[in-house]
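Report on the structure given below.
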2 protein chains.
Amino acid sequence: MAQLDDQFQDDPVQVEDTVLGTLIGYRLKRAYMQIQPQAQRVLAGENLRVVSFSCLSIIADNPGIVQSELAAVLQMERSNLVVIIDELEQRGLIGRERVPTDRRRYALTATLRGRRLRDSVAEKVRQAEDAVIGRLNPQDRAHLLAVLERLDAGAPQTTT
Amino acid sequence: MAQLDDQFQDDPVQVEDTVLGTLIGYRLKRAYMQIQPQAQRVLAGENLRVVSFSCLSIIADNPGIVQSELAAVLQMERSNLVVIIDELEQRGLIGRERVPTDRRRYALTATLRGRRLRDSVAEKVRQAEDAVIGRLNPQDRAHLLAVLERLDAGAPQTTT
DNA sequence: GATAATAGTTATGCTCAATAACTATTATCT
DNA sequence: AGATAATAGTTATTGAGCATAACTATTATC
């Protein structure tokens, strides 16, 4: 973070790159490195991590989803979800109650506060992203989203 | 890794997503999550990490680059470079010698072995990536690279 | 009814990225 | 020129994130 701030006023070291920059994986990582700190900064202002916001957002869109499903959707480990869900619940952003038909599972639902926070934070994140992708015209932006979505199509997928 | 293998045969949990999937940052991360393990697997076969390969590749393209410049280009900390450079040198993939005019700096150059390894590994990585992005036609692929490059334009940039 | 599978949880270890502090060398300032 | 500051590389250390294994409670399967 301090590193980035410093480097913005550094000499932009010009180097050759005949290989690395032609690899999609590297380009994806680089683009993500530029945009992620922006989102993280906004979310930190609301005491949220990226992953917490992701959970809250999916729960808000899918009332009754259980932790295993959430973990599968976000491609993360169930075990690492526990503390995140705990905190979201303690902050009153989500509720969880046992599913009567299967008492192993907890149905997760976003509270009104949770849904409102999700919506307002999402808007702030969107604006923060725009600061980075501002140089993209609407067509390129839409095209980018569509192509990235297709790259993600092999995995457990969300519907739009 | 085992997680991903498992989930490919899992029920593809269908969920709503009205917000998260419309954020560029999330889409970038997801796309990267699909492609990165492929690259990592290929590189691991050559006892390389992603970051080691990145260093080797930039050094191969920029003989005489010094560690600070390399760190700036790859947007990483100088301190974290040290062990990577150490290992690349010990494996005979790069050489480093003091710059006569500034004895603080080490000029890095790829050896013939290093350049050959860089080239052959790059080709394997490219093929591994194709397994994921195969569903993209050449136009979409080129367009994606161009757009991602523009997102990265604010940072110390490589020339193509 | 016995055995296996699943959901959630806890504890733990590993890999990275970030920070601070240090040495050697060079640049800057008066 | 000499004092002071800045830079390059290094070392040690920390904390976050991710993965794995092992456990309990509950449900599914044979």
Side-chain angles (χ1 to χ4, degrees), chain A residues 1-7 9-11 13 29 32-33 36-37 40-41 43-44 47-55 59 64-89 94 96-108, chain B residues 1-7 9-11 13 29 32-33 36-37 40 43-44 47-55 59 64-90 94 96-108:
Chain A
M1 183 143 43
Q3 178 198 11
L4 281 184
D5 292 343
D6 291 349
Q7 292 194 346
Q9 60 197 16
D10 274 356
D11 307 326
V13 186
K29 180 177 188 173
Y32 184 65
M33 284 172 70
Q36 196 267 359
Q40 193 174 44
R41 183 178 44 80
L43 292 169
N47 288 313
L48 284 171
R49 295 196 289 154
V50 170
V51 64
S52 313
F53 174 72
S54 299
C55 289
I59 294 170
I65 194 174
V66 298
Q67 290 178 213
S68 293
E69 292 166 352
L70 182 58
V73 169
L74 294 178
Q75 292 190 303
M76 58 183 297
E77 291 294 329
R78 284 172 304 160
S79 57
N80 293 328
L81 247 182
V82 177
V83 288
I84 296 165
I85 296 298
D86 280 350
E87 199 203 333
L88 290 176
E89 185 188 22
I94 65 170
R96 61 173 152 185
E97 48 179 312
R98 288 207 118 94
V99 177
T101 63
D102 185 346
R103 294 173 35 76
R104 289 173 300 185
R105 316 169 80 164
Y106 286 98
L108 306 174
Chain B
M1 185 145 40
Q3 178 198 11
L4 282 184
D5 292 343
D6 291 352
Q7 291 192 349
Q9 59 197 12
D10 274 357
D11 306 326
V13 186
K29 180 176 187 175
Y32 185 65
M33 286 172 69
Q36 196 267 357
Q40 192 174 45
L43 292 170
N47 288 312
L48 284 171
R49 295 197 288 153
V50 169
V51 65
S52 313
F53 174 72
S54 300
C55 290
I59 295 170
I65 194 173
V66 298
Q67 288 177 215
S68 293
E69 293 166 351
L70 182 57
V73 169
L74 293 178
Q75 292 190 303
M76 57 182 298
E77 291 294 328
R78 285 171 304 158
S79 57
N80 293 328
L81 247 183
V82 178
V83 289
I84 297 165
I85 297 298
D86 280 351
E87 200 203 333
L88 290 177
E89 186 188 21
Q90 281 165 16
I94 65 170
R96 62 172 151 184
E97 48 181 313
R98 287 205 120 95
V99 176
T101 63
D102 187 345
R103 293 173 37 77
R104 288 172 301 185
R105 316 169 83 166
Y106 287 99
L108 306 175

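All values reported here derive from a predicted model rather than from experimental measurement. Just so we're on the same page: letters track the sequence lines, and every chain starts at 1.
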For D/dT27, which nucleotide is its Watson-Crick or G-U wobble mate, given both distances must be under 3.5 Å?
-> C/dA4
Complementary nucleotide for D/dA22 - Watson-Crick or wobble, under 3.5 Å | C/dT9
Do A/Arg49 and A/Gln40 get their side chains close enough for a donor-acceptor pair, meaning under 3.5 Å?
-> no
How long is the line joining CD of B/Glu69 and P of D/dA8, in whole Å?
-> 8 Å
Grab the CD1-C1' distance between A/Ile84 and C/dT9 for me, whole Å please.
-> 14 Å
Give the intermediate values and the outcome of side chain to side chain contact (heavy atoms under 4.5 Å, CB included) for residues B/Val66 and B/Asp102.
-> CA-CA 11 Å; B/Val66 298; B/Asp102 187 345; over 6 Å; no
State whether B/Arg103 places a side-chain N or O below 4.0 Å from either non-bridging phosphate oxygen (OP1 or OP2) of D/dT7.
-> no
Charged N to carboxylate O under 4.0 angstrom, B/Glu69 versus B/Arg105?
-> yes
4.5 Å side-chain heavy-atom contact, B/Gln75 and A/Met33 = yes
B/Arg78 near the nucleic acid: base, sugar-phosphate alone, or nothing, with a heavy-atom cut-off under 4.0 Å?
-> base
Is the base of D/dA8 touched by the side chain of B/Asp102 through a donor-acceptor pair closer than 3.5 angstrom?
-> no
For A/Arg98 and C/dA7, give me the distance from atom CZ to atom P, rounded to whole Å.
-> 14 Å
Kindly say if B/Gln67 contacts the phosphate of D/dT7, meaning a side-chain N or O under 4.0 Å from OP1 or OP2.
-> no
Has the side chain of A/Ser79 got a donor or acceptor atom sitting under 3.5 Å from an opposite partner on the base of D/dT20?
-> yes
Would you mind reading off the distance between A/Leu74 atom CG and D/dG17 atom P, rounded to a whole angstrom?
-> 15 Å
Would you mind reading off the distance between B/Ile85 atom CD1 and D/dA8 atom P, rounded to a whole angstrom?
-> 15 Å
So do the side chains of B/Leu48 and B/Leu88 get within less than 4.5 Å of each other, counting heavy atoms only?
-> yes
Nearest whole angstrom, please: distance from the P of D/dT10 to the CE of B/Met76.
-> 13 Å
B/Tyr106 OH to C/dT25 C1', straight-line distance once rounded to whole Å | 11 Å
Between D/dT27, C/dG8, C/dA18, which nucleotide has the shortest distance from any of its atoms to the side chain of A/Arg104?
-> D/dT27
Look at the side chain of A/Glu77 and decide which nucleotide, out of D/dA19, D/dT10, C/dA18, has an atom nearest to it.
-> D/dA19
Out of C/dA17, D/dT10, C/dG8, which nucleotide sits closest to the side chain of A/Lys29?
-> C/dA17
So what does B/Val66 hit on the nucleic acid, given a heavy-atom distance under 4.0 Å: a base, only sugar-phosphate, or nothing?
-> sugar-phosphate
Consider the side chain of B/Asn80, meaning its heavy atoms from C-beta on, and name the nucleotide among C/dT9, D/dT10, C/dA18 that approaches it most closely.
-> C/dA18
Using atom OH of B/Tyr32 as one end and atom P of D/dC18 as the other, report the distance to the nearest whole Å.
-> 12 Å
